Amino acid sequence: MPLDTSAYSLALLRVDGRRWNELRRVHAQIRTQAAADGSSYLEMGHTKVMCVVNGPSEPGPRRGTAGGGGGGGGPGGVAEVAVSVVVAGFSSVDRKRRGRGDKRTLELQTTISNALAASLHTHLYPHSTISISLHVLSQDGSLLAALINAATLACVDAGIPMTDYVVACTAGSTSTYAANDETADPLLDLNHQEEQELPSLTVATLGETDRVAVLVCESRVQASRLEGMLAVGVSGCHQVREILDQVVRDKGRHMIKEGTVEKGMGVEEMEVD
Amino acid sequence: MATTTSQQVLLCPAELAYLHSSLSLTPPIRPDGRTPTHFRPLVAETDILPGTNGSARICFADGTEAIVGVKAEVEKTRGVEEGVEESEVREDEKEGRSEWVELTVEIPGVRDDDGGTAFLSAMLGEALLSDGGFVKRLWINRRWHWKLYLDILLISPPLSYPLPLLSLTTHLALLATRLPRLKSEGVEDPFFDDDWAAAPYLYPRDKKSGKALARPPVTLLVMAVGRNIIFDPAKEELAVADVALAVSVGEAAETGDNDMGGKGRKLRLLSVRTIDPPSRVTPPGVPNATNAAYGAAGTTQKQPEARMAEAEAVEGVWRAPRGGAKPLVMAALVQKTLERGGVADEVLDALEGVDLG
């Protein structure tokens, strides 16, 4: 079904009733699974992903790298971040099965792996592997962004030291490339329908800074519009960071209240209600 | 036979011998203090994904977790000649084919074409299809049918043999599956009601109690150590199993109109598969009598273990079980599963208790 972009200019409302700078509902949980070192569940609108982190641990015998002798791990004595993305057959509207060798899935994996490897303190874990497995349960646009956010949360849960959250968000533009509309407004957090029609990019930043960790743009867009889209995307990332940080803090507070963890140093100042 | 060797348990021969002997006591003492027929507690929920026809999620107490999503598509039945008009549809004309169901299992960190995964999906599919009534439910009319895609995801790393978990999750997902209500009649092209609230369940429910009238099968894992039969083994227990069986159990079709909700659940054995337990690849222990470290004479050769494998069994020294299961043990395993008030009965009762949407 083609997206009716002409209606936007009338009321400045998008197909799902949001304004240009509004995120969809973001709902996240951490520590959803007892058997893993870290786990999370994230919903961005109707996009639902689950993440399970194991490690840092010695890589299993199967994954022995060609180097041999010195065990696994990435080059230069840092931990290897191994990401596997499983897109469930039932996740999209029409059932479509993606094999493990699917090129799109491979690209998602590499992007996430590189982004996280830059933020995680992998040099603390030489000869080890951090294996992150992501499961896509439902897709409605902004898939890469949701995967990055879920992976970040799970890494926080696993207690792997990292510089800051890697938070991601998508941004787009209100009119298509072909329309060549100079007055097009930027849009935040696109859903599947918008993503199909409009130029869009995924941007991930390092926490609340303006440092961009990932920038993926797979559609044609005029260079003049790019700056606006990027600015909106980065501000969206800051909003996402707030939300994720709140989730982590709530869980921490909950765990202290339940007595699962000891109140650590510096927690005294934190309000535990 | 499936191999479960991918889940190596790091136990030394002495620990294995200890586990084996405590499990072969009467009554057996299990590492987690359960009775032989006690299932591990689990958390289950259904209808978690609105984008599917039916979905379920189960978390076992050991932390393993699975999600199953069911999606249905309308498909034209192959090999049916066009133009034959027939207004009357007889009940016995309904037929089903096994290719109307497609089942895939995803296990993280395991290749798609891994033998173990293929065996798992074959085993789960076999249980479903051996109950011929299941594919009949997918029949729409002579020319059309539903194609059902079952996607089974193991979310957690495979800690223990995931067969019971996947089977129970599939069971719940199928119970929660709804297909749009058919509006068209006869052999015309199917036309459906777009009101999801009116969609009937694949497994019809009782109007008043909301309980399903028929239920999909479940596959349970049973193992034997010595003369003891142990249900729902944890991975440490599986590491010392003499025999491990996957037993698929379905509910027999109710004949006649016996009183509803009575104790009359009739169980039917659908299939039995032997599972190759990981105990077969465990290293054997070395008795003191032949251990050079304990001053045994004449044991200076390179591999004492290799020689040990051929020697007599010594009490308290671990030896990997070899050979097949005794027919008597097999019969007991199956009987114990099926008996009234037995484990299969209990599991089906417990699953009935899960609130289905």
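This structure is a prediction, so every number in the text was calculated from the model and none was measured. Chain identifiers are assigned alphabetically (A, B, ...) following the order of the sequence lines, protein sequences preceding nucleic acid strands; residue numbering begins at 1 within each chain.
- Scanning both residues, B/T104 and A/R95, for their nearest heavy atoms gives OG1-NH2, 3.9 Å.
- Side-chain atoms of B/E65 do not come within 3.5 Å of backbone N or O of A/Q33 as any donor-acceptor pair.
- When heavy atoms are compared at a cutoff of 4.5 Å, B/V68 approaches chain A solely by way of its backbone atoms N, CA, C and O.
- Of the listed residues (B/P50, B/S55, B/S156, B/G51), the one with the most heavy-atom contacts under 4.5 Å to chain A is B/S156.
- Within residues 192-200 of chain B, no residue has any heavy atom less than 4.5 Å from a heavy atom of chain A.
- Residue contact with chain A, scored on non-hydrogen atoms closer than 4.5 Å, involves the backbone of B/I48 exclusively.
- Going from atom OG of A/S91 over to atom CG of B/L49 covers 9.5 Å, rounded to the nearest 0.5 Å.
- With values rounded to the nearest 0.5 angstrom, A/F90 atom CZ is found 4.5 Å from B/L153 atom CG.
- Atom CD of B/E99 is surrounded by more than 12 heavy atoms from other residues, nucleotides or ligands within 6.0 Å.
- Under the ring pair (Phe, Tyr, Trp, His ring centres under 6.0 Å) criterion, B/W144 pairs with no residue at all, not counting sequence neighbours.
- Using a 4.5 Å cut-off between heavy atoms, B/L154 touches chain A through its backbone atoms (N, CA, C, O) alone.
- Contacts between residues 42-57 of chain A and chain B, defined by a heavy-atom separation under 4.5 Å, are made by A/K48, A/M50, A/V52, A/N54.
- Heavy-atom contacts from other residues, nucleotides or ligands closer than 6.0 Å to NE2 of A/H254 number 12 or fewer.
- A/S39 does not touch chain B: none of its heavy atoms, backbone or side chain, sits under 4.5 Å away.
- Using a 4.0 Å cut-off between charged side-chain N and carboxylate O, A/D94 and B/K71 make no salt bridge.
- At a 4.5 Å heavy-atom cutoff, the contact between A/T32 and chain B is made by backbone atoms alone.
- Legend: residues meeting salt bridge (charged side-chain N to carboxylate O under 4.0 Å, His left out) with B/R178, ordered by chain and number and at least two apart, are absent.
- For the residue pair B/G63 and A/A34, the shortest heavy atom distance occurs at CA-CB, 4.2 Å.
- Summarising the geometry, atom CG belonging to A/L137 is positioned 11.0 Å from atom CG belonging to B/D151; distances are rounded to the nearest 0.5 Å.
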